[in-house]
Structure formats: C-alpha cells, structure tokens
Asker: 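So that we are looking at the same thing, I have put the structure below in structure tokens.
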Amino acid sequence: MSKNIAVIGAGPGGYAAAFYAADLGMQVTLIDPEVNPGGVCLYRGCIPSKALLHIAKVIDEARHASAWGLTFGEPKIDLDRMRGFKHSVVQKMAGGNGQLVKARKITYIQGMASFVDATTLQVEPIAGPLKFDSIIIATGSHPTKVPNISIDSPKVLDSTSALDLPDIPKRLLVVGGGYIGLELGSVYAALGSNVSVVEMTDGLLQGADRDLVRFLHQRLEKKFEALMFETKVVGVKDDKTGLKVTLEGKDGTKREESYDRVLVSVGRRPNSKIGGLDKTKVQIDERGFIKTAPNRQTDEPTIFAIGDVAGEPMLAHKASHEARVAVEAIEGQKVAFEPAAIPAVVFTDPEIAWAGLTETDAQKQGRTVEIARFPWAASGRAITLDRTDGVTKLVIDPATERVLGVGICGPGAGELISEGVLAVEMAALATDLKLSIHPHPTTSETVMEAAEVFFGQATHVYRPKKKQD
C-alpha cells in the first residue's frame, strides 16, 4: 500500500525527501512557509550569496587584470540592478521547484506545522488536523544571536539582511571568522567597504587545516582593513551616526571603534522548537539538535529528522543525502547515513575545500597519516591564471596507501573536491590517483601530482620519498 507521509520544511533536505518519496509512489504532503520549495539555502543562503560572490569575483579580477597589462576603470555599482539579478536567480530556481512539485503531484501547503501526536499535524492555515503514516522533520536552522550585539538597530545585520545589500557601508565589522562571515565580507569588500573581522579564536575557519587557510589569510590581510583574533565584542551602541563597538582583547584591554554597520555571523542554531513536539517521544540534545538513529529515525518510530535540525555539519548537500536515507527507511529498507566524506567548501577567494579525514582531526585522534602536498606555484594552469596562491593535499594511510582525506585551496577548489570525495568513498589508493590521467593544463592535475609527491615521483616538484624507519 502507498504510504502517506508529510515533510515539514522545504529546504534542500525537505524537498529532496518529498520528491524522492513521490518518485517511489508515496502520497506526499510538503509543508513550508514559502510560496515554493527552496528553504534558507535558496532564499537566504547558499544561492543568493553565490550570485553576489560571482559579482565580487568579476570586480576583483578586473582590478587584478592591471598586472597583465589590461586596465579597466573602476566599476559603477548599481545596487538596485544587483539586487534584481540576485532576486531573479532565486525566483528562477524557486519557480522551477514549484513546477517539480506539481509534476510529481505532491500536496504543497504554504503554512506552519505543529504536532498533535506522533502521526498527526495541525497545519496553519488548514482547518483541522492531518493524519500521516510517517513524518520527516526538515526545519533547518537560524542565525545565532550574540547577547552583546543584540540591539534593536537596522545597522546590525545577520546573514539574511546582509544579502539584501541595504547599502555599501564605508566601514563594516564582521563578527565571526567562519565561512559565512568571510564570504559576505568578501562581497562587501569588493563593492568598496573597508571590512574588518573580529574572531574570538586564534585564526580563521577553525574547521579547516591551517595550511589551507594560510593562503586565504594572506589574501584577506591585503583585501580587508583588519583581522582581529582572540578578540571579542563586549558592547555595541547606536549613536545615530554609526555604531560604537567595544572590543576586548585576550589580555582584557578594551578599545572602542566606530563602524557604519556590523554583520553578526557566529554560526547557526537548529530549528527544533516545533509546536507539539513534546507530545511525541522525539528527543533533543543539549545543543538543540533532534536525536536520530543512523537511518534518521527519531525515538518516535513514525518521525524522522534530517538536515540542520538533525546535527552537524549544517550543509545543504548533507541534508539532501540524508533525505534519501530517511525515505528509504520509511519504505522499509535497511539503510544508514554513514558517509566516509562530506565535502565542505568555503567560497572565498581563494576557495577552500576539503573532504574526508583532515590533518587536524588525524592529529586529534592520534592517527598516523602521511601528508602529500602539491603547491599551486608548480601548476602550469595556476601560473597562467596568475593565481599560484594555493595547494592540494592528500591525507594518506601510510600502511595501506589508502586516501583518507583531500584538501584543496585555490580558485575553483569547490569544483575540484568531488574527485576527492569519490576517492575517499571508493577507498582509492594513492596509486589510483597517480595513474588516473588528468588533462593538461588544468588545476585538476594537482590532485594527480599530489599523489605523485607521496611516492617521491612528482614531475613538477622535487620531493624525494622519505625512507620509513
């Protein structure tokens, strides 16, 4: 018999689950506040930010071109048309998702859902409860607020309001050195803002290996006004002309700086506060994530959870793959979400991407690994791009020569990391990457040559193989 399921939340996890369930012949109801599926990623995250980052890249490359003997005038920025372009990208994709909902004969309800019990939902504005065999929670996450900065001022932005491009502030302070803050900070810097970053820890992008971050750090030191580490914001005041920000250093010393706007980007919190969820057996951990089994089933057998609300990493592609596992579990298959590699990409300039075991995690685990690095300074393609600020690295098990992880820093790293994901998932050996012929001249060759470095046989760098004791 066809199962009747509901999916709460139509982001990359929710609509992927709904579409797959419909393809398998289930009766599907998809519930979300927006007119069409897409979620935060499409409306207020991944997609609009990448549209703006593309604009920033064009501006930066035009300025960089003077080094090649090609000089352009300073760009004339039309914020209204820029917002229009970003909006058109979002609407095109959202409209496409809406058409796919109709093609699959999914019941789409624009509204908010709350639980009556483990199989029943009350959906506003629908009058009366709706009964289902199974329910998938895919409610996503929201930006974290910082108490010292939570003032009622339009000059304080989060990732959502920053994407609306209210103006181009002369001085912008980005609170948080994570990927969202750095991406948006890069956009505003390209548009003409003097951008500063304040970060509580001792460096940018704490989840990434330091040898990858080094190139980005060096570039941002030139592009941004300031990078302030081991520093925190302890107060913000709106004096009508701007924002007075009190900064406190590691030694307790405080100072005050003036900024036109402050962008708060210190992470996200799961949207697990769902009405009536306490009427079920669903459990929530101390960080607010819904607890799930490997098949994404909660402690309530009829309820599943996927995406940001079900745990880190909070990535759209992780949610989409969890969606398939949850739907197959509902269908009755014995499945589990157990990926060997979930790729992460930071769309700054240069981009940083990694998948599988990182060198940092290997050190924390006390795991013996060998690192093979190929510098982009030795890449013919990188030299033709005048972008040698990068590196490709492999994390390899020295005993089996299996590729455990891949990290890349450089322009287009996000497009290259999928080969690393496949290598890790397929338990490829360094020999497999070495013997796979890569096209020349491309930056993809750096993956092959990093494998050659492991064997001490790299054509374009001299790195003799270390003798093992």
Side-chain angles (χ1 to χ4, degrees), residues 6-18 30-34 36-50 90 93-94 97 111-115 135-147 149-150 156-164 174-184 205-207 263-278 282-292 296 298 303-323 325-326 337 339 342-347:
V7 181
I8 306 174
Y15 76 72
L30 181 58
I31 306 160
D32 192 86
E34 297 288 350
N36 285 307
V40 168
C41 178
L42 175 53
Y43 286 98
R44 297 173 293 280
C46 327
I47 299 302
S49 67
K50 302 313 168 282
V90 171
M93 294 187 66
N97 287 341
M112 297 292 292
S114 59
F115 283 86
I135 299 169
I136 298 176
I137 300 174
T139 46
S141 61
H142 61 274
T144 300
K145 292 185 177 180
V146 180
I149 313 177
S150 298
V156 177
L157 308 173
D158 59 17
S159 58
T160 299
S161 54
L163 285 169
D164 290 334
V174 176
V175 181
Y179 74 95
I180 297 175
L182 296 183
E183 289 180 1
L184 290 173
L205 298 172
Q206 287 300 307
L263 166 59
V264 181
S265 179
V266 292
R268 300 184 66 85
R269 300 285 185 184
N271 291 330
S272 55
K273 294 181 179 179
I274 304 167
L277 193 61
D278 57 344
V282 173
Q283 298 296 309
I284 298 175
D285 69 16
E286 64 281 358
R287 298 178 61 196
F289 294 113
I290 293 177
K291 294 182 179 180
T292 63
R296 306 295 89 177
T298 68
I303 300 175
F304 295 72
I306 61 175
D308 289 6
V309 76
E312 294 178 322
M314 294 184 175
L315 298 170
H317 42 278
K318 173 251 193 184
S320 298
H321 280 262
E322 284 181 309
V325 172
F337 182 71
I342 301 176
V345 182
V346 184
F347 292 90

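Since the structure is predicted, the reported quantities are computational estimates derived from the model, not experimental observations.
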Asker: Find the distance between CZ (R269) and OG1 (T144) and round it off to the nearest 0.5 Å.
Answerer: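 If I round to the nearest 0.5 Å, the distance is 4.5 Å.
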Asker: Considering non-hydrogen atoms only, spot the tightest contact between L263 and A162 and give its length.
Answerer: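 Distance-wise, the nearest heavy atoms are CD1-CB, 3.8 Å.
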Asker: With side-chain contact (heavy atoms from CB on, under 4.5 Å) as the test, would you mind laying out the steps for L277 and I290 before giving the verdict?
Answerer: CA-CA 10 Å; L277 193 61; I290 293 177; 4.3 Å; yes
Asker: State whether the side chain of S114 and the backbone N or O of G276 hold a donor-acceptor pair below 3.5 Å, judged by distance alone.
Answerer: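 It does not hold such a pair.
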Asker: Quick check: do V156 and I149 have side-chain heavy atoms less than 4.5 Å from each other?
Answerer: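 Yes - at least one pair of side-chain heavy atoms lies under 4.5 Å apart.
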Asker: Would you please test Y43 and V90 for side-chain contact (heavy atoms from CB on, under 4.5 Å) and show each step?
Answerer: CA-CA 6 Å; Y43 286 98; V90 171; 3.9 Å; yes
Asker: Looking only at non-hydrogen atoms, find the nearest pair between I136 and A17 and report the distance.
Answerer: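 So the minimum-distance heavy-atom pair works out to CD1-CB, 4.0 Å.
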Asker: Keeping the roles fixed (side chain from S320, backbone from P12), state whether a donor-acceptor pair exists under 3.5 Å.
Answerer: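 Yes: the side chain of S320 pairs with the backbone of P12.
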Asker: For H321, is the NE2 atom crowded, meaning more than 12 foreign heavy atoms sit under 6.0 Å from it?
Answerer: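 At most 12 heavy atoms, drawn from other residues, nucleotides or ligands, come within 6.0 Å of this atom.
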Asker: Kindly determine whether S161 and D164 satisfy side chain to side chain donor-acceptor pair (under 3.5 Å), including the steps that lead there.
Answerer: CA-CA 5 Å; S161 54; D164 290 334; over 6 Å; no
Asker: Near K273 NZ, under 6.0 Å, is it more than 12 heavy atoms from other residues, nucleotides or ligands?
Answerer: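 For K273, atom NZ is not crowded (no more than 12 foreign heavy atoms under 6.0 Å).
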Asker: Hey, is the main chain of N36 close enough, under 3.5 Å, to the side chain of N97 for a donor-acceptor pair?
Answerer: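 No.
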Asker: With heavy-atom distances below 4.5 Å as the criterion, would you say the side chains of I342 and H317 are in contact?
Answerer: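 In contact.
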Asker: Could you state the interatomic distance from CD (E183) to SG (C46), rounded to the nearest 0.5 Å?
Answerer: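 Those atoms lie 9.0 Å apart.
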Asker: Nearest 0.5 Å, please: how far is CD1 in I180 from CZ in F347?
Answerer: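 Result: 12.5 Å between the selected atoms.
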Asker: Working to the nearest 0.5 Å, report the span between CZ of F115 and CG of D278.
Answerer: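 So the gap between those two atoms works out to 11.0 Å.
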Asker: Before giving the answer on side-chain contact (heavy atoms from CB on, under 4.5 Å), spell out for V40 and S141 the whole-Å C-alpha distance, their side-chain angles and the decisive distance to 0.1 Å.
Answerer: CA-CA 8 Å; V40 168; S141 61; over 6 Å; no
Asker: Counting C-beta onward and ignoring hydrogens, is there a side-chain heavy-atom pair between P37 and L30 closer than 4.5 Å?
Answerer: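 With C-beta onward as the side chain, the pair touches.
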Asker: I need the I303 CD1 to T292 OG1 distance, nearest 0.5 Å.
Answerer: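 Reported to 0.5 Å precision, the distance equals 13.0 Å.
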Asker: Starting from the C-alpha separation in whole Å, work towards a yes-or-no answer on salt bridge (charged side-chain N to carboxylate O under 4.0 Å, His left out) for E312 and K318.
Answerer: CA-CA 9 Å; E312 294 178 322; K318 173 251 193 184; over 6 Å; no
Asker: As an exercise, state the distance from CD1 of I137 to CZ of R296, rounded to the nearest 0.5 Å.
Answerer: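 The CD1 atom of I137 sits 13.0 Å away from the CZ atom of R296.
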Asker: Between S159 and R44, is any pair of side-chain heavy atoms under 4.5 Å apart?
Answerer: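 Contact flag for S159/R44 side chains = no.
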Asker: When you compare the side chain of L163 with that of L184, does any pair of heavy atoms fall below 4.5 Å?
Answerer: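 The answer is yes; the side chains approach within 4.5 Å.
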Asker: For C41 and P48, which heavy atoms make the closest approach, and how far apart are they?
Answerer: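 Scanning both residues, the minimum pair turns out to be O-CD, 3.7 Å.
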Asker: Compare every heavy atom of G307 with every heavy atom of E322, then report the nearest pair and how far apart it is.
Answerer: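 E322 and G307 have their closest heavy atoms at OE1-N, 2.7 Å.
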Asker: What's the shortest heavy-atom distance between I31 and G111, and which atoms?
Answerer: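 Looks like CG2-O, 3.7 Å.
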Asker: Evaluate side-chain contact (heavy atoms from CB on, under 4.5 Å) for V175 paired with V266, printing each intermediate quantity in order.
Answerer: CA-CA 7 Å; V175 181; V266 292; 4.0 Å; yes
Asker: Check D308 against G140 and note the closest heavy-atom contact, atom names and distance.
Answerer: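 Heavy atoms of D308 and G140 come nearest at CB-C, 3.7 Å.
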Asker: Compare all side-chain heavy atoms of Y179 with those of L205 and state whether any distance is below 4.5 angstrom.
Answerer: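 Yes; the side chains approach each other to less than 4.5 Å.
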